[in-house]
Amino acid sequence: MLRHELQPGRLLAGTVLITAAVLYTGDAVSAWSIPWWVLFPLVCGGLWLAAAVGVFGHLVRRRRRRKMGERVKEC
C-alpha cells in the first residue's frame with residue numbers, strides 16, 4: 001500500500017519550478033543566454049496549470065471515494 005496518494009498538481013508545480021531554477025542557474029553561469037522575461041510566463045503558467053491539475057485530481061479522488069463508500073454499503 002502507498003504511504004500517500006499521488007498528487008499530480010504538486011508534482012507538476014515542482015517540475016516547473018525546478019525547470020525554472022535550472023534555466024536561471026544556466027543563465028547565471030553563462031552556459032546559455034535566456035531573456036529575463038522568459039521565466040515569468042513559465043512560472044506563472046506552470047503554477048496555473050498545476051492548480052488546474054490539482055483541482056481535477058482532487059475531484060477525481062473525491063468521486064472515487066464516494067463510489068467506494070457506496071460499494072461498501074451495498075455488501
Side-chain angles (χ1 to χ4, degrees):
M1 182 164 178
L2 296 174
R3 289 186 179 193
H4 56 84
E5 296 177 339
L6 175 66
Q7 296 182 347
R10 289 185 182 187
L11 178 65
L12 184 61
T15 303
V16 166
L17 292 176
I18 288 173
T19 301
V22 167
L23 291 175
Y24 186 70
T25 303
D27 189 36
V29 297
S30 300
W32 53 75
S33 179
I34 297 174
W36 64 270
W37 51 267
V38 169
L39 294 177
F40 293 111
L42 175 71
V43 171
C44 292
L47 290 177
W48 275 102
L49 184 62
V53 169
V55 167
F56 181 72
H58 176 73
L59 293 174
V60 168
R61 282 192 305 268
R62 191 171 79 182
R63 184 175 179 186
R64 189 177 299 159
R65 280 190 211 125
R66 280 189 191 160
K67 283 192 172 191
M68 294 301 275
E70 289 174 5
R71 289 183 187 163
V72 171
K73 290 178 185 177
E74 291 176 357
C75 293

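Not measured: the values here are computed from a predicted model. Along the sequence shown, residues carry numbers from 1.
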(request) Give a yes or no on whether W32 and W37 share a hydrophobic cluster (residues Ile, Leu, Val, Met, Phe, Trp, Tyr; joining criterion: side-chain heavy atoms under 4.5 Å apart). (result) yes
(request) Could you list who else is in V22's hydrophobic cluster, with ILVMFWY side chains joined at under 4.5 Å, directly or through other members? (result) I18
(message) Can you pull out every salt bridge (Lys or Arg N to Asp or Glu O under 4.0 Å) where at least one residue sits in residues 18-47? Sequence neighbours excluded, please.
(response) none
(request) Return the set of residues passing salt bridge (charged side-chain N to carboxylate O under 4.0 Å, His left out) with R61 (not counting sequence neighbours), or none when no residue passes. (result) E5
(message) Are L6 and F56 connected into the same hydrophobic cluster when the rule is that any two of I, L, V, M, F, W, Y join if their side-chain heavy atoms are below 4.5 Å apart?
(response) no
(message) For a quick test of reading the model, state the closest non-hydrogen atom pair linking A20 to V43 and the distance between them.
(response) CB-CG2, 3.7 Å
(message) With a 4.5 Å cut-off on side-chain heavy atoms, are L23 and L42 touching?
(response) yes
(message) Do Y24 and I34 land in one hydrophobic cluster if side-chain heavy atoms of ILVMFWY residues count as linked below 4.5 Å?
(response) yes
